[in-house]
Colleague: 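Just dropping this structure here.
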Amino acid sequence: MTPFQHDLLEWYRAHRRALPWRAERDPYRILLSEVLLQQTRVGQAVPYYRRFLERFPDLRALAGAQLEEVLHAWQGAGYYARARNLHKLAQAVAAQPRPDLPASYARLRELPGLGPYTAAAVASIAFGEPVAAVDGNVRRVISRLMAWENPTLAQLQARADQLLSAEHPGDWNQAVMELGATVCTPRRPACPACPVARWCQGKGAPECYPAPKARRQKAVTAVAVVLRGARGVLLEPRRGRVLGGLWGVPMAEGEALGPLLERLAADHGTPIAPPEPVGTVRHAFSHRKLEVRVYHSAWEGPGHDPASKPLSQLDRKILRQAQAL
DNA sequence: AAATCGTGGGG
DNA sequence: TCCCCAAGATT
């Protein structure tokens with residue numbers, strides 16, 4: 001073991017946060033934690049991890065569930081494709097002669113929703129395979145160690161594989177990520193507290209590495225109608241990639257309410273009483289700033305209980321605005 | 001291969 | 001209030 005590896009692993013063992021999945025050996029639980037952690041902070045993932053396991057304690061339970069139940073457990077966690085893929089994954093594995101998670105990076109990588117990072121994380125943490133997991137933390141830590149401004153994924157992966165402790169790949173991967181999450185942070189990194197600062201070429205100007213990526217959010221306006229009556233609130237299943245599989249309030253892009261009302265009247269064969277505005281809801285997605293003008297009106301047709309359907313946070317905000325949740 | 005997918009904490 | 005962006009994957 002190199003001094004570098006020794007110092008970081010010792011630091012990790014002394015300073016790591018006590019996270020629920022760190023006490024687990026069950027590969028399914030490791031997998032769930034890694035999928036939940038995709039683009040998600042630890043603090044936000046923990047309650048979902050607990051709730052999800054309570055509802056789906058193993059792969060079999062998950063495979064046997066309806067997608068809508070799975071999405072309900074995922075409700076609020078965002079990036080719902082993760083839940084759809086996890087459900088698919090469980091069914092694919094359950095359909096095999098030996099219904100267990102595959103134990104190698106290569107075969108994990110073939111499963112839906114498992115990309116290079118997650119397959120490497122599960123292979124190393126759950127199965128001890130020496131593969132480096134490269135996430136945003138690792139990218140930042142290595143970029144600073146090397147003083148790289150714009151490394152490619154291939155460069156990062158190659159360097160990460162070199163640095164990897166083959167004896168303790170699971171702890172090693174988590175150690176690098178833990179360092180990035182708690183010490184080598186995007187802003188105001190705590191270099192004096194860093195266990196491997198003596199090897200770092202970027203510590204003079206850590207925030208220069210890696211160069212920040214450009215993002216832009218486009219502003220979009222929309223209208224939504226909350227139709228509500230004695231038989232419940234009118235909710236529609238959402239199709240397509242955005243919030244697919246969840247339910248939601250009837251909504252349309254733009255400012256015009258007319259076309260939306262016409263569609264609803266046609267879909268349900270019922271004219272709709274002129275809606276009243278009840279306010280505006282603002283909600284930011286990754287690449288959109290959404291401003292939704294919310295209306296409400298009476299509805300005598302069949303409806304739903306919003307609590308019984310998986311809903312996005314956007315729809316929950318809209319329903320709250322109309323006092324229907 | 002660039003664009004897209006949610007949400008919430010923190011500066 | 002606004003902007004950043006987090007244990008990425010998919011198409």
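Just so we're on the same page: letters track the sequence lines, and every chain starts at 1. Note that the structure is a prediction, hence the values are computed from the model and not measured. Heavy-atom basis, side chains included; hydrogens, waters and symmetry copies ignored.
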Colleague: Can you say whether the rings of A:His283 and A:Phe285 are parallel (under 30°), tilted (30 to 60°) or perpendicular (over 60°)?
Modeller: perpendicular
Colleague: Base, sugar-phosphate or nothing for A:Arg22? Non-hydrogen atoms, less than 4.0 Å.
Modeller: base
Colleague: Does A:Gln313 put a side-chain nitrogen or oxygen below 4.0 Å from OP1 or OP2 of B:dG8?
Modeller: yes
Colleague: Does a nitrogen or oxygen in the side chain of A:Gln38 sit under 4.0 Å from OP1 or OP2 of C:dG8?
Modeller: no
Colleague: Are the side chain of A:Thr118 and the backbone N or O of A:Gly115 linked by a donor-acceptor pair below 3.5 Å?
Modeller: no
Colleague: Would you kindly give the CZ-to-P distance between A:Arg84 and B:dC5, to the nearest whole Å?
Modeller: 11 Å
Colleague: Here's a test of your reading of the structure: between A:Arg17 and A:Arg109, which maps to the more 5' nucleotide of DNA chain C?
Modeller: A:Arg17
Colleague: By nearest atom, which of the nucleotides C:dA6, C:dC5, C:dC3 is closest to the A:Lys289 side chain?
Modeller: C:dC3
Colleague: One thing to verify: whether A:Arg228 and A:Glu300 come together as a salt bridge, which I'm taking to mean a side-chain N less than 4.0 angstrom from a carboxylate O.
Modeller: no
Colleague: Roughly how many Å is it from CG in A:Leu71 to P in B:dT7, rounded to a whole number?
Modeller: 12 Å
Colleague: Classify the nucleic acid contact of A:Leu243 as base, sugar-phosphate or nothing, counting any heavy atom under 4.0 Å across all strands shown.
Modeller: sugar-phosphate
Colleague: At under 4.0 Å between heavy atoms, what does A:Glu178 touch on the DNA or RNA strands: base, sugar-phosphate, or nothing?
Modeller: base
Colleague: On DNA chain B, check which nucleotide each of A:Arg188 and A:Arg288 is closest to and give me the residue with the more 5' one.
Modeller: A:Arg288
Colleague: Would you state whether a donor and an acceptor, one from the side chain of A:Arg41 and one from the base of C:dC5, lie under 3.5 Å apart?
Modeller: yes
Colleague: Would you kindly give the CG-to-P distance between A:Leu246 and B:dC5, to the nearest whole Å?
Modeller: 14 Å
Colleague: Report yes if a donor N or O on one partner sits less than 3.5 Å from an acceptor N or O on the other, where the partners are the side chain of A:Tyr79 and the base of B:dG6; otherwise report no.
Modeller: yes
Colleague: Got a sec? Which of residues 131-142 of chain A come in under 4.0 Å of DNA chain C, heavy atoms?
Modeller: A:Asp135, A:Gly136, A:Asn137, A:Arg140
Colleague: So, under a plain 3.5 Å distance rule, would you say the side chain of A:Ser286 forms a donor-acceptor pair with the base of B:dG6?
Modeller: yes
Colleague: Starting at atom CD of A:Gln75, determine the distance to atom P of B:dT7, rounded to an integer number of angstrom.
Modeller: 9 Å
Colleague: When all nucleic acid strands are considered with a 4.0 Å heavy-atom cut-off, which category describes A:Trp21: base, sugar-phosphate, or nothing?
Modeller: base
Colleague: Using a heavy-atom cut-off of under 4.0 Å over every strand shown, decide if A:Thr118 touches base, sugar-phosphate, or nothing.
Modeller: sugar-phosphate
Colleague: Tell me what A:Gln39 touches on the nucleic acid: a base, only sugar-phosphate, or nothing, going by heavy atoms under 4.0 Å.
Modeller: base
Colleague: Grab the CG-P distance between A:Leu153 and B:dA1 for me, whole Å please.
Modeller: 13 Å
Colleague: For A:His87 and A:Ala83, indicate whether the former's side chain and the latter's backbone hold a donor-acceptor pair under 3.5 Å.
Modeller: no
Colleague: For A:Gly76, answer base if it contacts any base atom (sugar-phosphate contacts may also be present), sugar-phosphate if it contacts only those atoms, and nothing otherwise; contact means non-hydrogen atoms under 4.0 Å.
Modeller: sugar-phosphate
Colleague: Between atom CD in A:Gln44 and atom C1' in C:dC5, what is the gap in whole Å?
Modeller: 12 Å
Colleague: Just the rounded figure in Å: distance from P of B:dG6 to NE2 of A:His283.
Modeller: 9 Å
Colleague: Please work out if A:Leu19 contacts a base, only the sugar-phosphate, or nothing of the nucleic acid, heavy-atom cut-off 4.0 Å.
Modeller: base
Colleague: For the residue pair A:Trp21 and A:Tyr49, is the inter-centroid distance of their aromatic rings smaller than 6.0 Å?
Modeller: yes
Colleague: I'd like to know if A:Glu69 and A:Arg55 make a salt bridge, using a cut-off of under 4.0 Å between side-chain N and carboxylate O.
Modeller: yes
Colleague: Please check if atom NE2 in A:His304 has more than 12 non-hydrogen atoms from other residues, nucleotides or ligands closer than 6.0 Å.
Modeller: yes
Colleague: Using the C1' atom on both, measure C:dA7 against B:dA3 and round to a whole Å.
Modeller: 22 Å
Colleague: Can you confirm if the aromatic rings of A:Trp11 and A:Phe4 lie within a centre distance of less than 6.0 Å?
Modeller: no
Colleague: Just how far, in rounded Å, is P of C:dG8 from CZ of A:Arg82?
Modeller: 10 Å
Colleague: Could you check whether atom CZ of A:Arg188 has more than 12 heavy atoms from other residues, nucleotides or ligands sitting under 6.0 Å from it?
Modeller: no
Colleague: With a non-hydrogen cut-off below 4.0 angstrom, is A:Ala45 in contact with a base, only sugar-phosphate, or nothing?
Modeller: nothing
